[in-house]
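Chain naming here is simple, since letters A, B, ... match the order of the sequence lines and numbering starts at 1 in each.
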Amino acid sequence: MTVWSPLPREFYERDTLTVAPSLLGQYIVRRLGEQVLAGRIVEVEAYVGFHDQASHASRGKTSRNALMFGPAGYAYIYFIYGMYHCLNVVTEHSEYPAAILIRALEPVAGIEEMRSLRGGVPDQQIASGPGKLCQALKIDRTLNGIDLTQPGALFVAAGEVMPLGKICSSSRVGVRGDEKALSAPWRFFVCHHPHLSKHNQRT
DNA sequence: GGTTCGATCCTCT
DNA sequence: GAGGATCGAACCT
């Protein structure tokens with residue numbers, strides 16, 4: 001049985017564009033009673049600061065995005081398009097809005113349950129997208145604000161360090177905003193990994 | 001109180 | 001590649 005050891009808060013209190021690629025290779029762990037579901041992070045996106053037009057924080061602090069303005073190491077989970085949830089980890093310090101969207105996982109534990117939650121799609125599609133991985137791990141707004149540094153129902157556990165040479169980046173997916181927001185290469189992923197979301201993979 | 005629309009995904013063409 | 005699903009937050013009036 002694998003021991004899942006949560007990453008400390010200090011991990012998230014660094015510059016968001018440093019934390020984002022560092023999350024690749026770490027694990028998202030979801031506990032459902034006795035059962036443990038887990039996946040290796042293979043794709044993320046950074047949303048940083050007051051003026052990132054792609055970020056929910058760009059229009060100021062609201063009840064929805066308040067967590068982004070809070071301390072690091074907590075989950076910011078929101079409901080989107082009437083049917084999906086997205087999981088973010090909050091970074092940096094209080095009163096500065098920053099978070100990292102978890103976009104894709106490679107399932108590593110509880111795969112049978114994840115398959116079932118996803119309706120039996122091929123394994124490479126179980127968690128290959130932000131909405132999909134929330135389905136696969138049974139993540140919804142009831143987990144919004146949970147402390148990801150504590151070994152509870154949802155946390156991030158230490159994995160292996162991803163070699164720099166295996167990390168690729170690109171512009172972010174599905175965002176709107178000014179030229180800067182559209183062109184910023186703030187999507188990070190494991191190059192050529194089979195469990196990525198379906199998008200162009202330029203380096 | 002009404003309208004708009006989204007950090008998505010699936011299905012159909 | 002286009003369109004629909006489906007609903008709550010945000011932003012009007």
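Closest to the side chain of A:Phe79, from the set C:dG8, C:dA10, B:dT8, is C:dG8. For A:Ser63, whose side chain is taken as the heavy atoms from C-beta onward, the closest listed nucleotide among C:dA10, B:dA7, B:dC9 is C:dA10. Comparing C:dA10, B:dC9, B:dA7 against the side chain of A:Lys132 picks out B:dC9 as the nearest. With distances taken from any side-chain atom of A:His56 to the nucleotides B:dT8, B:dA7, B:dG6, the minimum falls on B:dA7. With B:dG6, B:dC9, C:dG8 as the candidates, the nucleotide lying closest to the side chain of A:Arg141 is C:dG8. Nearest nucleotide to the side chain of A:Met83, out of B:dT8, C:dA5, B:dC10: C:dA5.
Panel note: side chain A:Thr18, backbone A:Arg14; no donor-acceptor pair is recorded below 3.5 Å.
Residue contacts shown for A:Gly82 include a base, since a base heavy atom lies under 4.0 Å away. A:Arg176 comes within 4.0 angstrom of the backbone, heavy atoms only, and of no base.
Summarising the geometry, the separation between CZ on A:Arg103 and C1' on B:dA7 is reported as 7 Å, rounded to the nearest angstrom. Between A:Ile102 atom CD1 and B:dT8 atom P there is a gap of 14 Å when expressed in whole angstrom units. Rounded to whole Å, the distance from CZ on A:Arg64 to P on B:dC5 is 15 Å. Across the protein-nucleic acid pair, A:Arg172 atom CZ and B:dT8 atom P stand 11 Å apart, rounded to whole Å. Across the protein-nucleic acid pair, A:Tyr81 atom OH and B:dC9 atom C1' stand 10 Å apart, rounded to whole Å. The interatomic distance linking A:His85 (NE2) with B:dG6 (C1') rounds to 14 Å, in whole Å. A:Ile77 places its CD1 atom 16 Å from the C1' atom of B:dT8, with the value rounded to the nearest Å. Rounded to whole Å, atom P of C:dA9 lies 13 Å from atom CG of A:Leu67.
The SG atoms of A:Cys191 and A:Cys168 sit under 2.5 Å apart.
Base-pair partner of C:dT6: not found among the strands shown (Watson-Crick or G-U wobble, both distances under 3.5 Å).
An OP1 or OP2 oxygen of B:dC10 is reached within less than 4.0 angstrom by a side-chain nitrogen or oxygen of A:Arg118. Within the structure, every side-chain polar atom (N or O) of A:Thr62 is placed at least 4.0 Å from both OP1 and OP2 of C:dA9.
The C1' atoms of C:dG3 and B:dC5 are separated by 15 Å, rounded to the nearest whole Å.
Contact detail for A:Thr149 and A:Pro8: the closest heavy-atom pair is CG2-C, 4.1 Å.
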| Going through the checks in order, is the salt bridge (charged side-chain N to carboxylate O under 4.0 Å, His left out) test met by A:Asp52 and A:Lys180? | CA-CA 8 Å; A:Asp52 177 2; A:Lys180 184 169 176 241; over 6 Å; no
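Figure legend: A:Arg40 and A:Tyr27 shown without cation-pi pairing, the cationic atom not lying both under 6.0 angstrom from the six-membered ring centre and within 45 degrees of its axis.
A centroid separation of less than 6.0 Å is found between the aromatic rings of A:Tyr76 and A:Tyr78.
Applying the 5.5 angstrom centroid cut-off and the 30 degree plane-angle cut-off, the aromatic ring of A:Tyr84 is not stacked upon the base of B:dT8.
Judged by atom type and distance alone, A:Tyr78 reaches the base of B:dA7 through a side-chain donor-acceptor pair under 3.5 Å.
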